Structure formats: C-alpha cells, structure tokens
Undergrad: 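Let me begin by handing over the structure; questions about it come next.
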Amino acid sequence: MLQINYIREHKAEALERLKKRNIEVDKLFNKIIDKDDLRKDTQSKLDNFLSQSNQIAKEIGQYFKNGEKEKAEEAKIKTVELKQNSKSLTELLNKVSDELTDLLTQIPNLPHESVPSGNSANDNKTVSEEGNIPKLHENALPHWELAQKYDLIDFELGNKISGAGFPVYKGKGAKLQRALINYFLDKNTSAGYQEIQPPHLVNEASGFGTGQLPDKEGQMYHVTADNLYLIPTAEVPVTNMFRDVIVKSEDFPIKYTAYTPCFRREAGSYGKDVRGLNRLHQFDKVEIVQIQKPEQSYQTLDNMVEHVTQILRELELPFRILKLCGGDMSFTSALTYDMEVYSAAQERWLEVSSISNFESYQANRLKLRYKDENKKNVLCHTLNGSALALPRIVASLLENNQDEKGIRIPKVLVPYTGFKYINS
RNA sequence: GGAGAGAUGGCAGAGUGGUCGAAUGCGGUGGUCUUGAAAACCAUUGUACAGCAAUGUACCGGGGGUUCGAAUCCCUCUCUCUCCGCCA
C-alpha cells in the first residue's frame, strides 16, 4: 500500500511511474485525495466535538463533587446535541476511512526508475546469460519421462491421492529433493541468513500484510473452517514475523531463510505450461527474506541476485537473469529480477527464482518501521527471493544432465545425495 | 471435545465509574558522582491522526452498547492459559 501523504505530495511523479505498468490512475488519485480531504475534515470536526464533550464531562464531575446537582443537570442538557453530532461524524469517519483504504489497496507499487516499460513477459530485459546450453543425445527425454523411467517421481500416484499438480517423489527422487533443500539452506545460512521454520497456514492479517489479500485471494487455498490460508510462499509467514514491529537501527541487516512447501491453486493454468514439474499446486521452495533501511535496499537486492547467481553456477546450470518490465511485475513489487534456468529437453527457460524489492509497500501494510537517527519512525523496506524453488531446478537437472545411461548429479550435491548418478 | 481463568505500556504487574495515557518494579535513554566501571541518585522514556506551533483527539485484545463521563458496567467475537479427555 502506498502512503497517502506520498500520493498527496508527489502525485505527478507517482502517476508517471505507474505508467510503466500501463495503468492510468489519474481519476483514482483524485478520488483518493478528495476522500482524504474529507477524512481530515471529518476528523477535525469530530475532534472538536469530542473535545467539548470531554470538557463538559469534567465540569459535571466537579459539580457532583461540590454537590451542585442543578448545575450538573443543566450541563448534561448541553451534551445531547454534541453526542448526536459526534455519533454521526464517527460513523461518517469510519465509512470514509474504509473507503480510503479500499481505494489505496487498488494501487500497485510504483515501479523503480530502472524498470523497463512493457506489457508482457516479451518485454522483460535480459540482464545477463551464463553457462553452456548442453547438446543432448538423440533420444533425450523431457523430465516427466525421465522421472518415470528412473522411478523418481510418480505423477499418477499423486493424482490418485490428491489430484493433478501434487506429485509423489520416490527413492532417489525424494532424496534429491531433500538434498537440494539442505544444500540451499546451507548456502543461505552461511551467507548470514538465519534459518526459520514457520507455520504453513497463516491468518487473514498475514495475507493482507504481504499483499496476497485482497489482491490474490483466489490463488491461495483457504481453510474456511478456521479461516486460515495455506502459504503460497514462505515470504508470507516470515515477513509477517515483523508485522507491527518497530525494529532498532542496529538490528539491520535482518536476514532470514526458510524452507517450506508452497501451495498455489493456479486457477486458469493449462497445457504445456503445467506439464510435469513445470507448474504444481504443491512444491518445495527455500526462500530468503531481508528487511532493510530504505537507503540500503537496492544494494541489498543486488546482493541477493548475486547470492542466487552463485548457487546456480555451483549447480552447473545454464541460466539467465531478467529484469521484469512494468507490465509483468507483481502488484507489490518495485523492482523484480527473475532467474531462469534452461531446460534442454523442453528447450525452454524456466523461472526458478524471483527476487524483488517491495520498498515500503509491504512495510506500510505491515506497519513495519525502524527508529532513524532522529528517533523518528520510518517504514522499512522488505525484500525477498527464492533460493531456490525446487521443481524446475529438478526438471532442468534431469534434462540437462541426462545421457544414454542415466543422469549425472552435480558435484556440489553429491555430499547431500550420497550418489553421483541416477541409472536405476 | 468438557470445565474454569484471563487479555493493561518494551517486560512484569496495580487499577471495579470521574483529573487514568494509566501506580509501582524491571528494562531503555540522558545526566550527577568516579581515573574507569559498578552501585547509588536525578531526569526522561508508547503509537497514530490533525496542526507551523501551542495543543487537540484516539488507543488498556477486536467490535458494539449503557452513561454527562468507561481500562473499570453490559453484549459479542477472537485469542491465551490451567485442569480433564483425546492424541503425534
């Protein structure tokens, strides 16, 4: 959520920056400012009435103390009108405040000045590309067939138990998952991220804090009996640890990492996009989250991209880094880098990490602040990224590392898997 | 699931209708003393909105009500704890 005072003071600049998302919000902005004017006006009128009421109440208290009953009764009459006015103004104020919040939540974050303009994924900018795209042998298979051939993942069994998009990992497939999780967590913790095991279900306030609610309501699994949501990413519980928190300046940098399963309804997805491991309802992911001072946040974003880059290099996967265009960025982000690995049998790039700086957009919803040098409370910046999402890494590993006889495990993973090669 | 207790400032913990934004203790910050530190003593110490400011208003789990006046009384929701039951 943008801050109302920012919109008031930097209206033209905000409008300009939002153009990168291809949205015109002139009218919405005017509505917001009008609404805020009304809010302020109502508030100060109400304060005035309340102030008078408080004054009279004190006087009445004094009269009773002094036994001046008649004076007290006289004063009571004066409050009747004040009370009525206060009541109707309170109702108006609540209504106006709610409407203002509704309007504000409709505005996405302002894109950073370096964000390219554009409508879709085609307009994203490739920042860098690294690694060699492997030449596969003639009978190379896509990962879903490899998974079946070597009995690593059973999609049919998952279908039976839960439904499409809930694969069952078996034997070396399951071990590979566990190996990747441990490897990622070890990389992250040795880079200074503290490991967290958060809840996998969150309440409504948490969903609102990081921006999944109300914007992406339909994307989360909702446990209606208890009004809880299955997390779509560890970002939600981890970032919400800091809801309503005022951190100390010396607490920075705040760095966390967490492995969790992620649950996504993915309503409306179909076709080759969802084949095999490409898009699932439940998948494993190791996330990194940072909370920073505003002046540090873009340096931090670069560090996070560099950190994930290192991991991809160690995994010996060909990858590229994209800077997302305004039209492709998520609602809450100010700047996002996507990391994609090449999956050689499918001959396509797969997103395995999305690293974003949300600036103060989430922090404003979370009421996450820190005390600056002048002891003023200032909104923090929040950032997060995957390090990394498992299924597409697995897809790419299987496809790229296959030969006629089996699949080679990258060196860094061997201590974690206990095997170098999958051939049976 | 059954029975009971509770939710107050960073923490602990008073406060059962009036000057209570809230005692007291601990913690934090600043200072005095000291070669330095500790101790002791003094002062200070919540958040938000409006306002240049003085100041005003709101907030004692959330929402609603009674009253001139609510942390305090009533209704309701949520959460926490204890005991019993069940159980990884």
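Here the structure is a predicted model, which means the values were calculated and not measured. What you see below is based on every heavy atom in this structure, not just the backbone, and it leaves out hydrogens, waters and symmetry mates.
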Undergrad: Is the distance from the ring center of A:Tyr370 to that of A:Phe252 below 6.0 Å?
TA: yes
Undergrad: Is A:Arg264 close enough and on-axis enough to A:Phe283, meaning under 6.0 Å and within 45°, for cation-pi?
TA: no
Undergrad: Determine the interatomic distance between C1' on B:rU72 and the same-named atom on B:rG15; round to the nearest Å.
TA: 8 Å
Undergrad: From the options A:His307, A:Glu314, A:Gln310, select the one residue that forms a side chain to side chain donor-acceptor pair (under 3.5 Å) with A:Lys187.
TA: A:Glu314
Undergrad: Find the distance A:Asn66:CG to B:rG18:P and express it as a whole number of Å.
TA: 16 Å
Undergrad: How about A:Tyr298 and A:His381: are their ring centres within less than 6.0 Å of each other?
TA: no
Undergrad: Could you give the distance separating B:rG18 and B:rA37 at their C1' atoms, to the nearest angstrom?
TA: 49 Å
Undergrad: Determine: side-chain N/O of A:Arg369 to OP1/OP2 of B:rU47, distance under 4.0 Å, yes or no.
TA: no
Undergrad: Assign a letter to each nucleotide of nucleotides 56-68 of chain B from its 5' end: B, base within under 4.0 Å of a protein heavy atom; S, sugar-phosphate only; -, no contact.
TA: BSS---------B
Undergrad: A:Lys248 NZ to B:rG27 P: how many Å, rounded?
TA: 15 Å
Undergrad: Testing the basics here: between A:Pro108 and A:Leu2, what is the closest heavy-atom pair and its distance to 0.1 Å?
TA: O-CD1, 4.0 Å
Undergrad: Given atom NZ of A:Lys71 and atom C1' of B:rG69, what is their separation to the nearest angstrom?
TA: 19 Å
Undergrad: In whole angstrom, what separates A:Asp41's CG from B:rG51's C1'?
TA: 14 Å
Undergrad: For residues A:Gln292 and A:Pro253, report the shortest heavy-atom separation together with the two atoms involved.
TA: NE2-CB, 3.6 Å
Undergrad: In whole Å, what separates the C1' atom of B:rG9 from that of B:rC20?
TA: 13 Å
Undergrad: Which whole-number value in Å describes the distance from A:Leu100 CG to B:rC49 C1'?
TA: 12 Å
Undergrad: Using atom P in both nucleotides, what's the gap between B:rA71 and B:rA23 to the nearest angstrom?
TA: 15 Å
Undergrad: Over all heavy atoms of both residues, which pair between A:Asp302 and A:Tyr337 is shortest? Give the atoms and the distance, please.
TA: OD1-OH, 4.3 Å
Undergrad: Calculate the interatomic distance between A:Lys40 atom NZ and B:rA48 atom C1'; express it in whole Å.
TA: 14 Å
Undergrad: Taking the same atom, P, in B:rG61 and in B:rC11, what whole-Å distance lies between them?
TA: 13 Å
Undergrad: Residues in side chain to side chain contact (heavy atoms under 4.5 Å, CB included) with A:Gln194, at least two apart?
TA: A:Tyr256
Undergrad: For the pair made of CG in A:Asp226 and P in B:rC77, what is the distance, rounded to whole Å?
TA: 16 Å
Undergrad: Checking all strands, does A:Glu59 fall into the base, sugar-phosphate, or nothing category for heavy-atom contacts under 4.0 angstrom?
TA: nothing
Undergrad: Using Watson-Crick and G-U wobble pairs whose two distances are both under 3.5 Å, how do you write the pairing of RNA chain B as dot-bracket, with | for links to another strand?
TA: ((((((((.[[[..)..(.....]]]((((((.......))))))(((((....))))).[[[[[..)....]]]]])))))))....
Undergrad: Base, sugar-phosphate, or nothing for A:Lys371, non-hydrogen atoms under 4.0 angstrom?
TA: sugar-phosphate
Undergrad: Taking the side chain as C-beta and beyond, is there a heavy-atom pair between A:Ile181 and A:Tyr416 under 4.5 Å?
TA: no
Undergrad: Where does the angle between the aromatic ring planes of A:His281 and A:Tyr221 fall among parallel (under 30°), tilted (30 to 60°) and perpendicular (over 60°)?
TA: perpendicular
Undergrad: Taking the P atom of each, how far is B:rU55 from B:rU44, in whole Å?
TA: 16 Å
Undergrad: When you compare B:rU19 with B:rC52, how far apart are their P atoms, in angstrom units rounded to a whole number?
TA: 31 Å
Undergrad: For B:rC74 and B:rU66, measure between their C1' atoms and round to the nearest Å.
TA: 7 Å
Undergrad: To the nearest Å, give me how far apart NZ (A:Lys376) and C1' (B:rA48) are.
TA: 13 Å
